[in-house]
Amino acid sequence: MATFLYRLGRLAFRRRRLMLLAWTAVLVAAGIGVSSVSGGTTDDFTLPGTQSQRAIDLLEREFPQAAASGATARVVIEAADGQKLTSAAHKPQVESLVEELRTAPQVANVADPFTSGLVSASGSIAYAQVTYAVPQAEITTAASDALHEVVKRGADAGLAVSLGGNAVLDEEESNAAELIGLLVAAFVLVITFGSLVAAGLPLLSAVVGVGVALCAVTVASSFVDMASNAQTLSLMLGLAVAIDYALFIVSRYRSELREGHRPEEAAGRALGTAGSAVVFAGLTVIIALAGLSVIGIAMLTTMGLAAAFAITVAVLVALTLLPALLGFTGTRVARGRLTTRRMRAAQHGRSTTMGVRWGRFVTRHPWKMLLSSVIVLGVLAVPALSLRLTLPDDSMAAPGSTQRVAYDTLSKGFGPGFNGPLTVVVDARAGDDPKSAAEDTATMLSRIDDIAIIRPAVFNKAGDVALITAVPGSSPTSRATVDLVADIRDRSAAVEKDSGAQLMVTGTTAVNIDVSAKLGAAMVPYLAIVVGLALILLLLVFRSVLLPLKAALGFLLSVVATLGVLVAVFQWGWLKDLFGVDETAPIVSLLPILLIGVVFGLAMDYEVFLVSGMREAYVHGATPTEAIVTGFRHGARVVTAAAVIMISVFAGFLLDDVALVKSIGMGLATAVLFDAFVVRMTIVPAVMTLLGARAWALPAWLDRALPNVDVEGEKLRRILDARDRDASVPAPADREPAVSAP
């Protein structure tokens with residue numbers, strides 16, 4: 001692979017105009033594709049095999065008028081203080097708004113507040129439940145505009161109208177997080193390279209890669225149901241890794257120039273060495289993200305595949321466009337006019353870098369550094385024992401948004417359970433008395449304390465399937481509601497035994513509970529798969545048994561510590577004001593799985609770039625401790641800059657108002673902080689110091705069985721060095737060069 005990348009680097013350097021033109025064409029084509037499609041996103045979850053999904057499928061057949069899989073909207077109406085919607089002044093206005101909703105595009109059914117009992121006891125709050133004939137992903141702009149027109153008309157009539165439900169399309173998001181991340185990345189790159197030219201190349205290549213990836217994901221959303229956060233995750237990861245990968249290659253290119261190689265040769269060598277590590281690191285992230293599809297949840301699959309595609313584009317840009325850009329800059333990349341005297345002295349070996357000093361410090365005190373690091377991460381991981389999972393709902397919407405206002409207004413007027421009613425389906429097709437089965441079910445529900453309201457049973461046309469709406473007394477994301485669903489399902493066995501009817505609990509709240517349970521159960525197997533993959537890949541790269549084990553254990557430590565921080569901030573509320581967390585809630589169930597997939601790739605990224613330098617020094621005769629310090633000399637500065645950039649990009653998303661995006665940004669930033677600086681820069685050298693030469697041991701039979709992937713480009717360097725030596729040897733003076741006969 002290293003030889004192929006060496007040739008690719010030289011080719012892209014020579015054909016730089018053609019390569020730049022090709023990527024420009026790809027970017028323009030992607031932009032044209034976005035302008036010619038109308039993509040949409042969805043937050044709907046489907047989980048085949050669960051009770052809630054089986055109930056939805058049954059309702060689709062038996063209650064087609066209810067559009068069980070259709071999108072829903074809650075139009076919440078509130079009168080001014082001291083006024084009632086049931087008054088002669090406001091009731092006609094509310095009825096007019098309801099009638100307007102019935103004639104809106106794609107609407108299948110509207111529940112009138114006055115005839116459906118959807119007016120609060122105070123009479124000041126009511127809501128109309130709107131059911132659409134199409135799922136969320138197919139809601140048109142016209143249908144969305146009709147909802148907002150109702151809001152406007154209500155305001156003109158002196159009523160406060162807000163919208164909730166999955167049919168309400170999100171407003172345009174701010175780009176502040178991305179801009180802050182780019183600005184911080186630019187600052188770090190300038191400090192690292194001391195050159196505006198060198199700092200600009202990673203940023204330019206990252207912008208091109210992210211632009212292509214986001215356009216492609218948008219086009220894909222026109223053909224598949226794409227998760228609403230797929231683009232955000234693609235942007236977050238694509239931007240961070242694209243800058244990091246370019247940073248590694250540009251740094252290596254500058255080193256090759258300082259060693260006296262011509263620019264084209266330096267580009268080939270940089271891609272053959274650092275480029276090999278980029279390919280390996282990118283593949284680990286891609287595999288981990290694409291592996292999310294095995295869990296079987298469509299929303300998670302689209303998020304994983306979209307982010308994996310963004311990583312793929314970032315790798316391709318780093319391997320093709322970046323060498324071409326280096327061709328345009330030539331040797332100017334190596335001119336660090338913004339460097340300090342200390343930086344210039346370190347570059348020429350006249351002073352000791354901070355990375356080398358840190359490496360020596362850790363190797364002198366391995367036990368102290370190892371134990372202190374493990375204890376700190378262990379303490380931070382303790383809150384993870386209280387981890388609870390949920391799915392995002394309108395309670396996690398941005399404060400002040402129409403979804404959040406609707407949620408809070410409903411809670412104020414009807415109680416928190418109204419935001420997550422349960423639908424109990426009584427399937428009596430195999431029973432003798434469907435009506436009796438429905439009555440028994442209603443009686444059973446009435447005996448449960450945490451149910452606030454039970455609505456009368458509604459039967460299908462055949463009269464053998466009924467649905468009963470039960471409103472919990474607690475909020476949809478509370479532990480009490482989770483226990484309530486489990487309690488109903490446990491008690492349903494008695495009803496089924498007496499009447500022969502099957503009971504199933506569904507509705508948005510029940511679906512969310514089932515999905516969260518599925519994700520929680522899948523977390524450990526997925527973690528085992530990821531760790532197993534890490535062991536195999538690192539075994540191939542470092543040709544050592546103990547190093548992969550050490551890397552995998554360090555990865556696990558950083559993951560559980562990150563989960564502990566997330567629980568402490570988002571679930572317990574510690575320092576929530578500092579991080580802009582508006583309200584505590586269980587951790588979004590998607591986050592731990594995503595965290596495992598993403599952090600795995602990033603952890604292997606830093607492991608390869610740091611430890612490969614150590615392995616190279618050890619292979620060339622350095623002692624184990626000297627090899628560690630040498631690895632820090634060559635890689636610590638670049639790894640530190642890469643980690644700071646990633647942390648900055650991810651932390652920028654803490655400014656987002658959406659709880660899911662905020663938690664993903666904080667989780668990834670914290671994980672990179674722990675893994676790069678505590679695990680890779682402290683625990684790794686400490687453990688390797690204690691292991692000594694045993695860290696690099698590999699049984700002879702395993703050494704023969706494993707292929708040599710040459711991620712560090714060691715074989716490539718030997719070939720190139722031999723070629724350079726042969727080229728520098730002059731021909732003997734007493735020997736004429738051979739000339740072919742004419």
Side-chain angles (χ1 to χ4, degrees), residues 50-63 66 68 72 74 109 111 113 115-121 127 129 131 390-391 393 410-411 413-460 462-517:
T50 60
Q51 184 183 114
S52 55
Q53 188 62 47
R54 291 198 306 271
I56 290 174
D57 296 339
L58 177 62
L59 293 178
E60 282 286 336
R61 297 192 302 269
E62 302 298 332
F63 293 86
T72 59
R74 292 186 298 275
N109 184 46
T115 60
S116 302
L118 303 179
V119 181
S120 67
Y127 77 95
Q129 182 77 12
T131 305
T390 188
L391 286 179
D393 60 10
L410 276 180
S411 297
F414 299 92
F418 257 74
N419 285 290
L422 304 176
T423 301
V424 181
V425 180
V426 183
D427 183 5
R429 291 175 298 176
D432 298 328
D433 191 349
K435 290 186 178 179
S436 177
E439 291 173 357
D440 291 345
T441 301
T443 301
M444 178 267 292
L445 294 174
S446 66
R447 294 171 181 166
I448 301 177
D449 294 336
D450 200 39
I451 293 183
I453 297 175
I454 301 174
R455 297 200 180 110
V458 178
F459 285 87
N460 63 342
D464 53 7
V465 177
L467 60 87
I468 302 173
T469 301
V471 178
S474 305
S475 65
T477 59
S478 67
R479 167 60 67 182
T481 301
V482 176
D483 295 339
L484 173 62
V485 172
D487 191 13
I488 295 174
R489 288 172 173 171
D490 291 340
R491 297 190 185 205
S492 65
V495 177
E496 294 175 17
K497 182 179 179 180
D498 294 338
S499 63
Q502 182 181 6
L503 269 62
M504 294 178 286
V505 184
T506 188
T508 303
T509 300
V511 170
N512 289 354
I513 291 171
D514 287 344
V515 172
S516 296

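In what follows, every heavy atom counts, from backbone to side chain, and hydrogens, waters and symmetry copies are set aside. Starting from 1, each residue takes its place in the sequence as its number.
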Gap separating the [atom1] atom of [X] from the [atom2] atom of [Y], nearest 0.5 angstrom:
{"X": "Asp450", "Y": "Leu445", "atom1": "CG", "atom2": "CG", "result": "12.0 Å"}
{"X": "Leu410", "Y": "Asn419", "atom1": "CG", "atom2": "CG", "result": "5.0 Å"}
{"X": "Asp440", "Y": "Asp498", "atom1": "CG", "atom2": "CG", "result": "7.0 Å"}
{"X": "Asn109", "Y": "Phe63", "atom1": "CG", "atom2": "CZ", "result": "13.0 Å"}
{"X": "Ile513", "Y": "Leu484", "atom1": "CD1", "atom2": "CG", "result": "8.0 Å"}
{"X": "Asp57", "Y": "Met504", "atom1": "CG", "atom2": "CE", "result": "9.0 Å"}

Looking at [X] and [Y], what are the two nearest heavy atoms and their distance?
{"X": "Ala438", "Y": "Ile468", "value": "O-CD1, 3.7 Å"}
{"X": "Ala480", "Y": "Ser474", "value": "CB-OG, 3.4 Å"}
{"X": "Pro421", "Y": "Thr469", "value": "CB-CG2, 4.0 Å"}
{"X": "Pro113", "Y": "Val119", "value": "O-CG2, 3.6 Å"}
{"X": "Ala457", "Y": "Ala466", "value": "CB-CB, 4.3 Å"}

Tell me if a side-chain donor or acceptor on [X] pairs with a main-chain N or O of [Y] at a distance below 3.5 Å.
{"X": "Ser52", "Y": "Thr506", "value": "no"}
{"X": "Asn460", "Y": "Val465", "value": "yes"}
{"X": "Gln51", "Y": "Val505", "value": "yes"}
{"X": "Thr481", "Y": "Ser475", "value": "yes"}
{"X": "Thr509", "Y": "Gly420", "value": "yes"}

Handout entry: CA sep, side-chain torsions, deciding dist, call: Gln502, Leu58, side-chain contact (heavy atoms from CB on, under 4.5 Å)
Key = CA-CA 12 Å; Gln502 182 181 6; Leu58 177 62; over 6 Å; no
Practice task
Tell me, please, which residues at least two apart from Phe414 pass ring-ring contact (aromatic ring centres under 6.0 Å, His included).
Solution key: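 Expected list: Tyr127, Phe418.
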Practice task
Taking the side chain as every heavy atom from C-beta outward, state whether Arg491 and Val495 have any pair of such atoms under 4.5 Å apart.
Solution key: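 Arg491 vs Val495: side chains apart.
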Handout entry: Validation row: Arg54, Asp427 side chains within 4.5 angstrom (heavy atoms)
Key =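 Side-chain contact under 4.5 Å: no.
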Practice task
Only one of Leu503, Ile454, Val425 passes side chain to side chain contact (heavy atoms under 4.5 Å, CB included) with Thr441; say which it is.
Solution key: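 Among the candidates, only Leu503 passes.
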Exercise for the section: State whether Arg489 and Asp514 are salt-bridged, where the test is any N-O pair (Lys NZ or Arg NE/NH1/NH2 against Asp/Glu carboxylate O) under 4.0 Å. Expected result: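 Looking at Asp514 together with Arg489, the answer is yes, because their closest N to O distance falls below 4.0 Å.
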Practice task
Mark yes when over 12 heavy atoms from residues, nucleotides or ligands other than Asp449 sit less than 6.0 Å from its CG; otherwise mark no.
Solution key: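 Not more than 12 within 6.0 Å, no.
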